[in-house]
Amino acid sequence: MEKVQTVIIGGGAAGLFLATTLKSVDQKTVVLERSERVGRKLSATGNGQGNITNLGVLREDYFSFSENGAARARAAIAQYDDTSLVSHLESLGLLLITDERGRVYPAGRQASSITDALRFSAAARGVDLRTDAKVTDLTDTEQGFVVFTENGRILAENVVLCTGGTVARSFGTDGSAYALAQKFGHTLTPLYPSLVQLKTDPKEVKSLKGIRVPDASVAATWSEFLGGRMHKRTVRLKGDIMFADYGVSGDSVFRLSAYLTHRIRDGVSLSVDFLPSFTEEKIYTALVEKRKNFPFMPVGELLGGFVNNQVGRAVMKRAKDDLRVAAKTVKAFTLQITGHLGLDSAQVTKGGVKIDEVDENLQSKLVKGLYFAGEILDIDGPCGGYNLQWAYSSARTVAAAIDEKIAKRRGQV
Ligand SMILES: Cc1cc2nc3c(=O)[nH]c(=O)nc-3n(C[C@H](O)[C@H](O)[C@H](O)COP(=O)(O)OP(=O)(O)OC[C@H]3O[C@@H](n4cnc5c(N)ncnc54)[C@H](O)[C@@H]3O)c2cc1C
């Protein structure tokens, strides 16, 4: 049987990055990717433009079902943050640019250039990248791990599971690889889609279908049990909101969904401020003035010129033609969230292999030599480059641990 030092299962963001940062590749490292190409999802990130990280990465909250999961994510990211990532990618020959929201992209705005940089670098370092190599089973023997693919078996001292989560299944991440961890006794948290469109009562949005409102201010509110009592929590952010027959989407909704999808059953409401630059009083005064100046204008049209006409009519319908209520409603158009569009529409998995079952090196506490990196673990971040940064930082943590283990054995430490 073929014998190698390290097998990386999954040639996505975390797997490829690991292959470019692991120092001990001279001991033979193999990446096994089930698809016909490595990095297919990576090449589609950021609408094809590749939003690889965010300059705010150390300030943002990561989410985990485990109490200390977010702190573990922060620790790994603090060890290898956006600055380290940017200089590593620059050393691989990329030029990077940052937009006004701190999102970092390759200057050519092509996500595939990141995939190319990683795969060429891995190959140049002697890492063996094998495609069409789905791992079907993994066992632990006295000689090491036996990794089974559809084409054969490999004996490895270290195995790193970089198989992603269970969303966007067309990219090879259908969740079947969780079984490789579960067979060693690892357990999964509940799994939810994140960065996904949200459903509302279709009747509430029917008349708004197809409308996109740029620069709205959208707030999500839910109740949370904290410190022995219920607290109301609100997250508000600015961005586009789009209305569809099922509910809402757009940049603001995608970003908010990261806080919400696991809470929908407990009750989540959205409140859209269509005119964040104006106070309610200013809008009310303007409406009163308009009605005075145009007494024959249908009341449903009075908000025309302030907001999109269809939005104006929907607001006036709710306000039952009361101008005071209309001014309030245009600043707080509420929608109850009833669901999400599901795993195939989402970008990230919320939940995964329990973080308490891995040590600070992301090595399994249940079987030595088995490591995890990326979305397979119960950690997810908000929209804007945070999830790729987690994939890279966690891969870097694993690379450092394997290198140290090998160096120790060689007596170099
Ligand atoms: C459309 C889209 C856009 C996104 N945009 C962004 C963005 O702009 N910024 C951002 O930060 N995040 C973005 N994300 C999220 C980000 O891509 C993921 O969080 C990240 O790729 C996770 O990296 P990973 O290596 O853990 O998993 P993945 O990149 O999903 O890679 C896992 C790999 O494992 C392979 N695999 C699975 N099972 C097996 C098996 N049994 N044997 C062999 N191989 C297997 C899969 O084929 C896949 O290639 C986006 C996601 C999507 C779907």
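Just so it is clear, the structure is predicted and the values come from calculations on it, not from any experiment. These numbers come from the heavy atoms of this one structure, side chains and all, not from hydrogens, waters or symmetry mates. Atoms within a ligand are numbered from 1 in the order they appear, just like the ligands themselves.
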Counting each atom of ligand 1 from 1 as listed, which ones have a heavy atom of S35 under 4.0 Å away? 47 (O)

Whether E33 and R40 form a salt bridge (side-chain N of Lys/Arg under 4.0 Å from carboxylate O of Asp/Glu) is what I want to check. no

Atoms of ligand 1, numbered as shown, that sit under 4.0 Å from any heavy atom of N387: 11 (O), 12 (N), 19 (O)

Rounded distance [0.5 Å steps], CZ in R74 versus OG in S393: 13.0 Å

Starting from atom 16 (C) of ligand 1, what is the nearest protein heavy atom, named by residue and atom, and what distance separates them? L388 CD2, 3.9 Å

Using a strict threshold of under 4.0 Å (side-chain N to carboxylate O), is an ion pair present between D344 and R169? yes

With a 3.5 Å distance limit and no angle check, can you tell me whether S271 reaches the backbone of A219 through a side-chain donor-acceptor pair? no

If I apply the N/O under 3.5 Å rule, does R34 come out as touching ligand 1? yes

In the structure I gave you, are the side-chain heavy atoms of M1 and K3 within less than 4.5 Å of one another anywhere? no

Geometric N/O contact G11 with ligand 1, under 3.5 angstrom: no

Once you restrict to heavy atoms under 4.0 Å, what part of C162 touches ligand 1? Side chain, backbone, both or neither. backbone

The protein heavy atom nearest to atom 53 (C) of ligand 1 is A168 CB, 3.5 Å

Atoms in ligand 1 flagged as close to G374, the criterion being non-hydrogen separation under 4.0 Å: 26 (O)

What protein heavy atom sits nearest atom 4 (C) of ligand 1, and how far off is it? Q347 OE1, 3.4 Å

Under 4.0 Å between a side-chain nitrogen and a carboxylate oxygen: does that hold for K134 and E150? no

Please check if the number of heavy atoms outside F184 that lie under 6.0 Å from its CZ is greater than 12. yes

Sub-3.5 Å N/O-N/O distance, A346 and ligand 1: no

Please determine whether a side-chain nitrogen of the Lys or Arg among K365 and D359 lies less than 4.0 Å from a carboxylate oxygen of the Asp or Glu. no

For ligand 1, which atoms have a heavy atom of Y386 less than 4.0 angstrom away? 11 (O)

Y192 and F63: ring-ring contact (aromatic ring centres under 6.0 Å, His included), yes or no, with the steps? CA-CA 12 Å; Y192 296 88; F63 177 85; 8.9 Å; no

Are any side-chain N or O atoms of Y371 and backbone N or O atoms of T397, one a donor and one an acceptor, separated by less than 3.5 Å? no

Within the side chain of K41, is there an N or O that forms a donor-acceptor pair under 3.5 Å with the backbone of G12? no

With backbone taken as N, CA, C and O and side chain as the heavy atoms from C-beta onward, which portion of A111 lies under 4.0 Å from ligand 1: side chain, backbone, both, or neither? neither

Mode of A177 contact toward ligand 1 - side chain, backbone, both, neither (heavy atoms, under 4.0 Å): side chain

Does a side-chain N-to-carboxylate-O contact under 4.0 Å join E204 and R318? yes

Do me a favour and list the nearest non-hydrogen protein atom to atom 37 (C) of ligand 1 with residue, atom name and distance? G172 O, 3.4 Å

Location of contacts on W390 toward ligand 1, heavy atoms closer than 4.0 Å: neither

Check the pair H88 / Y392 against ring-ring contact (aromatic ring centres under 6.0 Å, His included), numbers first and verdict last. CA-CA 11 Å; H88 179 64; Y392 299 139; 8.8 Å; no

Which residue owns the protein heavy atom closest to atom 40 (C) of ligand 1, what's the atom, and how far is it? V135 N, 3.7 Å

Going by the 4.0 angstrom heavy-atom rule, the piece of V348 near ligand 1 is side chain

Close approach of K41 to ligand 1, heavy atoms, under 4.0 angstrom: yes

Which of the atoms of ligand 1 are close to A13, meaning less than 4.0 Å from one of its heavy atoms? 21 (O), 23 (O), 25 (O), 29 (O)

Checking N51 side chain against T53 main chain: does a donor-acceptor pair fall under 3.5 Å? yes

Atoms in ligand 1 flagged as close to F171, the criterion being non-hydrogen separation under 4.0 Å: 46 (C), 47 (O), 48 (C)

Salt bridge present between E224 and R233 (N-O < 4.0 angstrom): yes

Return yes when L42 approaches ligand 1 closer than 4.0 angstrom through a heavy atom, no otherwise. no

A133 heavy atom under 4.0 Å from ligand 1: yes

Tell me the protein heavy atom at minimum distance from atom 9 (N) of ligand 1, and give that distance in Å. N51 O, 3.0 Å

G385 heavy atoms within 4.0 Å reach ligand 1 at atoms 9 (N), 10 (C), 11 (O)

Using a strict cut-off of 4.0 Å, indicate which atoms of ligand 1 neighbour a heavy atom of L32. 43 (C), 44 (N)

Would you mind checking which non-hydrogen protein atom is closest to atom 26 (O) of ligand 1, with the distance to 0.1 Å? E375 N, 2.8 Å

Is NZ or CZ of R324 both nearer than 6.0 Å to the six-membered ring centre of Y284 and within 45° of the ring axis? yes

Of all protein heavy atoms, the one nearest atom 47 (O) of ligand 1 is E33 OE2, 2.7 Å

